[in-house]
Amino acid sequence: MQPFLFKKAPRVFKFSLLLIGLCLISCLYFFNLLGPVDSEDDVEHLFVIKKGTAARQIAKDLKEEGLIKNARAFILYTRVTGNLSHLQAGHYLLKPAMKVQMIVKKLAAGQVAVQKFTIPEGYHLRQIAEVLAKNEIMTAKEFWAVVKEGTYDYSFLEDLPANEKRLEGYLFPDTYLVPIGCSAEEVVATMLKRFWNVYQALPANETGLTIHQVVTLASIVEGECRLDEERPIVASVFLNRLKRGQKLEADSTVQYALEERTQRVLYDDLEVKSEYNTYRISGLPPGPIGCPGQASLQAVLQAADTDYYYFVAKKDQSGEHVFSRTFAEHIAAKKKLGY
């Protein structure tokens, strides 16, 4: 029996070596198929996976777009790694220089391509529409449609009329990253959510004003102020006027009422007939005149304790104002500044 096993051993050994060799070759071939299509091609391709697309179709599409070498190798790899059913829908930026491992990691993690846009403090809806259109986030038509008719579950929007000014003041000024392919309504919802998160973190509202009135006054403060340290003082001026029943007479509201904004408000502009012109109407306008930032919102909620009723901007481009208690003081301040 022993001589027989001895004679057979070389064949078994050779066969084992052959199997090992074939396995190594197969593994090398498989891992080669997982490698980049072109390791020097770093050009990004926008690859779209629609909701409900099967993994095999995704693999086929990747192969057709020159992003992977072999669809079957891609499927096998996703199955072995447990990612076969975890590839997520969305828009992705992929390169021919990427390995399958990296592609699968991005698709399984939902690392979709994003677009960046910035809304400066004080921008009104017309300006926001321009920013979004310029950055190709959505068209102006899509923007106005979702502003007027979009469904957003926030209590502060419940009593606002469904018109093109409904969301004025509530699309929070910030820098945003949104997924490419995100719907217009989802983008606007993101901005509303940002507003609400910021507002809820602010000091409690003890002003006696509603949220809508706070945002409206904050938008006026935003339009009148450049310096954060002055915002609580400017807010106190307007709150003092409201308590006394005195007109706000804010130039920023006149700018909003004009069809085209000007660098400077002229005396003729003060006569514009508009419910937003606080030189003609008493109290607050019907809504915000732009989107106030956090500092302006907080300035209204924590206004300075002053007896100021007037302020005038200095001419030195510093952004500073001179504040006065009486109209006589205000006239004297204006004269001193060269108005």
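Look at E222 and R231 and you find a salt bridge, because one of the NZ, NE, NH1 or NH2 atoms lies within 4.0 Å of a carboxylate O, short of that distance. A salt bridge links E320 with K314: the distance from a Lys NZ or Arg NE/NH1/NH2 to an Asp or Glu carboxylate oxygen falls below 4.0 Å.
Checked by atom type and distance alone, the side chain of Q127 pairs as donor or acceptor with a backbone atom of H124 at under 3.5 Å. At least one donor-acceptor pair under 3.5 Å links the side chain of Q213 to the backbone N or O of T210. Looking at T78, its side chain does come within 3.5 Å of a backbone N or O of F74 through a donor-acceptor pair. Listed for the N277 side chain is a donor-acceptor partner under 3.5 Å among the backbone atoms of L270.
L239 and Y309 sit in two unconnected hydrophobic clusters of ILVMFWY residues. Membership requires side-chain heavy atoms under 4.5 Å apart, directly or through other members. When the side chains of ILVMFWY residues are joined at heavy-atom separations under 4.5 Å, either directly or via intervening members, M191 and Y154 end up in a single hydrophobic cluster.
Note: L248 CG to N240 CG = 11.0 Å, rounded to the nearest 0.5 Å. One distance of note links CD of E168 with CG of L160; it measures 11.5 Å at 0.5 Å rounding. Between atom SG of residue C182 and atom CG of residue L177 there is a gap of 12.0 Å, rounded to the nearest 0.5 Å.
K106 forms no cation-pi arrangement with F47, by the criterion of a distance under 6.0 Å to the ring centre and an angle within 45° of the ring axis.
Between R241 and K247, the closest side-chain pair of non-hydrogen atoms is not below 4.5 Å.
H91 approaches I180 most closely through the heavy-atom pair ND1-O, 3.1 Å. Among all heavy-atom pairs drawn from D41 and V43, the shortest one is OD1-N, 3.1 Å.
Contacts of F323 classified as ring pair (Phe, Tyr, Trp, His ring centres under 6.0 Å), with partners at least two apart in sequence or in another chain: Y308, F311. Evaluation of the ring pair (Phe, Tyr, Trp, His ring centres under 6.0 Å) rule for F327 yields Y310 as partners, not counting sequence neighbours. Among residues two or more places apart in sequence or in another chain, the ring pair (Phe, Tyr, Trp, His ring centres under 6.0 Å) test is passed with Y92 by none.
For W196 and F156, the distance between ring centers is under 6.0 angstrom.
Atom CG of D316 has more than 12 neighbouring heavy atoms from other residues, nucleotides or ligands inside a 6.0 Å radius.
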